[in-house]
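Single-structure report; data block below.
Because only heavy atoms are used, hydrogens play no part in the values below, and waters and symmetry mates are left out as well, while side chains stay in.
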Amino acid sequence: MTQIAFIGLGHMGLPMARNLLKAGFALKVFDLVPAAVAELAKDGAQAAGSAAEAVQGTDVVISMLPASRHVEGLYLGDNGLFARLAPGTLVLECSTIAPESARKVHQAAAARGLGMLDAPVSGGTAGAAAGTLTFMIGGEAATLEKARSIFAAMGKNIFHAGPDGAGQVAKVCNNQVLAVQMIATAEAMALGVANGLEPAVLAEIMRQSSGGNWTLEKYNPWPGVMENAPASKGYTGGFMAELMAKDLGLAQEAAQVTASSTPMGALALQIYRLLLKQGKGQQDFSVVQQLFVE
Ligand code: NAD
C-alpha cells in the first residue's frame, strides 16, 4: 500500500488528507498545530510529532502550506526534508507559491533524485471537502502518471500545465483573471444600483449578456442576489481577500521576472491591498463590493 506523508493540515490540507484516507491510502500526518494532527488521527491517520518523523519510510510526501517561505523552509537546507528522503520518493507540493520558488525546490529535488510536481489547486475549501479540486501541475508528465491516482482521490480535474513551475504560473494567471472580473462586476453592480436598477435584475441581464462571467454565474458580490454566495452570508465562508492579495502579488512577481505587462493585475493588487488596510483581509474576496457603495 502506498504510504503517504501529509504535511500542512489547515483549511485545505485537512479535508484533502481526509479524502486520501477515504480512498484507502495509508497516511502519516504532521502540522505545527497539534489539534489538526489529532483530528486526522481520529479518522485513522498515523500522527507524527515532526515533519521528519512523518516522512520516515514513506513513498510520497504531500505538502499544503501557506507560502513560499514555508515550503522552502520545509524541504531545503541541511535540516530540510530533501536531505532525509530516499531517492525515488515522490514529492507533491500543493501550496500556492511563487513560480520561481517552485522551480528552486524542483531543482533541489532533482539533485537528490526525487520526483517532484508543483500542484497548486483551485476549488476552495468546498472543493477540498468534496474531493472536486482542480490540480494545475508542473513537472514531468511521467511523474504525473505515477501520482495520478493520488490526485484523483482529492480532485476532479487534473491538468498537466507544463514543465517545472508551470502549475504555479497557471494558478496565478487564473486568479488574476478572477480578481479582475470580481472588481469589474462589483463596480458595475454599484453603478447600476446607484442609477436605480434592482440588483437582481441587473445581475441577470449582465449574466446573460456579453458582460457575463464566472462571478456573475456563481459568486455575485452584491448581498442577496445569490442565496449561497459569500456576499449573502456577510462575506464569510469563501476565499479570503488576503489570500487573493497574496496570489495577485505572486502574479506581479512572475510578471517582473519576464518583464510582462500586467496593468489590470497590478491595479487589482492595489485594490485588494486597500481592502486589507480596511481590516477586511479575512473576509471573502467579493467584499471588494463595499469599496463601491456609499
Ligand atoms: P492554512 O493557513 O489554513 O493552512 C496551512 C497550514 O500549514 C496550517 O495549519 C499551518 O499550521 C501549517 N504549517 C505551516 N508551516 C508548517 C510547517 N513548517 N510544518 C507543518 N505545518 C505547517 O492555509 P490553507 O487555506 O489551507 O491554504 C494552504 C495553501 O493552499 C495556501 O498556499 C493557499 O494559498 C492555497 N489555497 C487555498 C485556498 C483556500 O480557499 N483556502 C484555495 C486554493 C489554494
Side-chain angles (χ1 to χ4, degrees), residues 1-97 102 105-106 108-121 123 125 127-131 133 135 137 139 143-155 158 167:
M1 185 197 280
T2 309
Q3 176 79 47
I4 300 176
F6 202 116
I7 297 165
L9 308 166
H11 289 98
M12 298 293 287
L14 193 125
M16 289 165 71
R18 261 201 193 117
N19 282 327
L20 289 171
L21 285 172
K22 270 190 220 151
F25 290 102
L27 242 60
K28 279 206 252 178
V29 296
F30 175 68
D31 192 288
L32 296 175
V33 178
V37 177
E39 185 72 24
L40 269 171
K42 278 193 247 156
D43 294 339
Q46 200 179 327
S50 67
E53 189 188 325
V55 302
Q56 267 170 31
T58 54
D59 318 296
V60 178
V61 181
I62 302 178
S63 47
M64 193 53 167
L65 303 178
S68 305
R69 67 176 190 284
H70 306 93
V71 173
E72 292 186 23
L74 179 70
Y75 289 117
L76 308 183
D78 291 344
N79 294 321
L81 289 186
F82 283 175
R84 297 173 177 270
L85 299 177
T89 306
L90 211 50
V91 176
L92 312 179
E93 211 306 290
C94 297
S95 327
T96 302
I97 63 174
V105 179
H106 268 283
R112 298 273 317 163
L114 307 167
M116 180 182 159
L117 298 169
D118 52 293
V121 304
T125 49
L133 291 171
F135 284 92
I137 297 170
T143 310
L144 167 52
E145 287 321 310
K146 286 188 202 157
R148 189 172 284 279
S149 63
I150 297 172
F151 289 126
M154 301 182 282
I158 300 160

Please report, to 0.1 Å, the donor-acceptor pairs under 3.5 Å made by any side chain of residues 32-49, with sequence neighbours excluded.
from: Glu39; atom 1: OE2; to: Arg18; atom 2: NH2; distance (Å): 3.1
from: Asp43; atom 1: OD2; to: Arg18; atom 2: NE; distance (Å): 2.6

Audit row: Ser95, His70, side-chain contact (heavy atoms from CB on, under 4.5 Å) steps and yes/no = CA-CA 10 Å; Ser95 327; His70 306 93; over 6 Å; no
What pairs with Phe135 under ring-ring contact (aromatic ring centres under 6.0 Å, His included), at least two apart in sequence or on another chain?
-> Phe151
Kindly write out the residues that satisfy ring-ring contact (aromatic ring centres under 6.0 Å, His included) with Phe25, not counting sequence neighbours, or none if the list is empty.
->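 Partners of Phe25 under the ring-ring contact (aromatic ring centres under 6.0 Å, His included) test: none.
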Scan residues 29-65 for pairs that pass ring-ring contact (aromatic ring centres under 6.0 Å, His included), counting only residues two or more places apart or in two chains.
->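 Every pair satisfying ring-ring contact (aromatic ring centres under 6.0 Å, His included) with a residue in residues 29-65: there are none.
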Give me the atom names and distance for the closest heavy-atom approach of [X] to [Y].
| X | Y | answer |
| --- | --- | --- |
| Gly10 | Pro15 | O-CD, 3.9 Å |
| Asn19 | Ala128 | ND2-O, 2.9 Å |
| Ala86 | Leu114 | O-CD2, 3.3 Å |
| Ala54 | Ala5 | O-CB, 3.3 Å |
| Arg112 | Ala83 | NH2-O, 3.5 Å |
| Leu76 | Ala108 | CD2-CB, 3.5 Å |

To the nearest 0.5 Å, tell me how far [X] [atom1] sits from [Y] [atom2].
| X | Y | atom1 | atom2 | answer |
| --- | --- | --- | --- | --- |
| Leu27 | Leu21 | CG | CG | 5.0 Å |
| Glu53 | Gln56 | CD | CD | 6.5 Å |
| Phe6 | Thr58 | CZ | OG1 | 13.0 Å |
| His106 | Thr143 | NE2 | OG1 | 9.0 Å |

With heavy-atom distances below 4.5 Å as the criterion, would you say the side chains of [X] and [Y] are in contact?
| X | Y | result |
| --- | --- | --- |
| Ile97 | Asp118 | no |
| Cys94 | Ile62 | yes |
| Leu20 | Met154 | yes |
| Met64 | Val121 | yes |

According to the salt bridge (charged side-chain N to carboxylate O under 4.0 Å, His left out) rule, which pairs have a member within residues 81-90, sequence neighbours left out?
-> none
Please determine if Glu145 and Arg148 form a salt bridge, counting it only when a charged side-chain N lies under 4.0 Å from a carboxylate O.
->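 Salt bridge present between Glu145 and Arg148.
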Among all residues two or more places apart in sequence or in another chain, which pass the side-chain hydrogen bond (donor to acceptor under 3.5 Å, both in side chains) test with Ser63?
-> Tyr75, Glu93
Partner of Val55 under side chain to side chain contact (heavy atoms under 4.5 Å, CB included), chosen from Leu81, Ile4, Val91 | Leu81
Tested for side chain to side chain contact (heavy atoms under 4.5 Å, CB included) against Asp31, the lone hit among Leu9, Ile7, Leu14 is Leu9
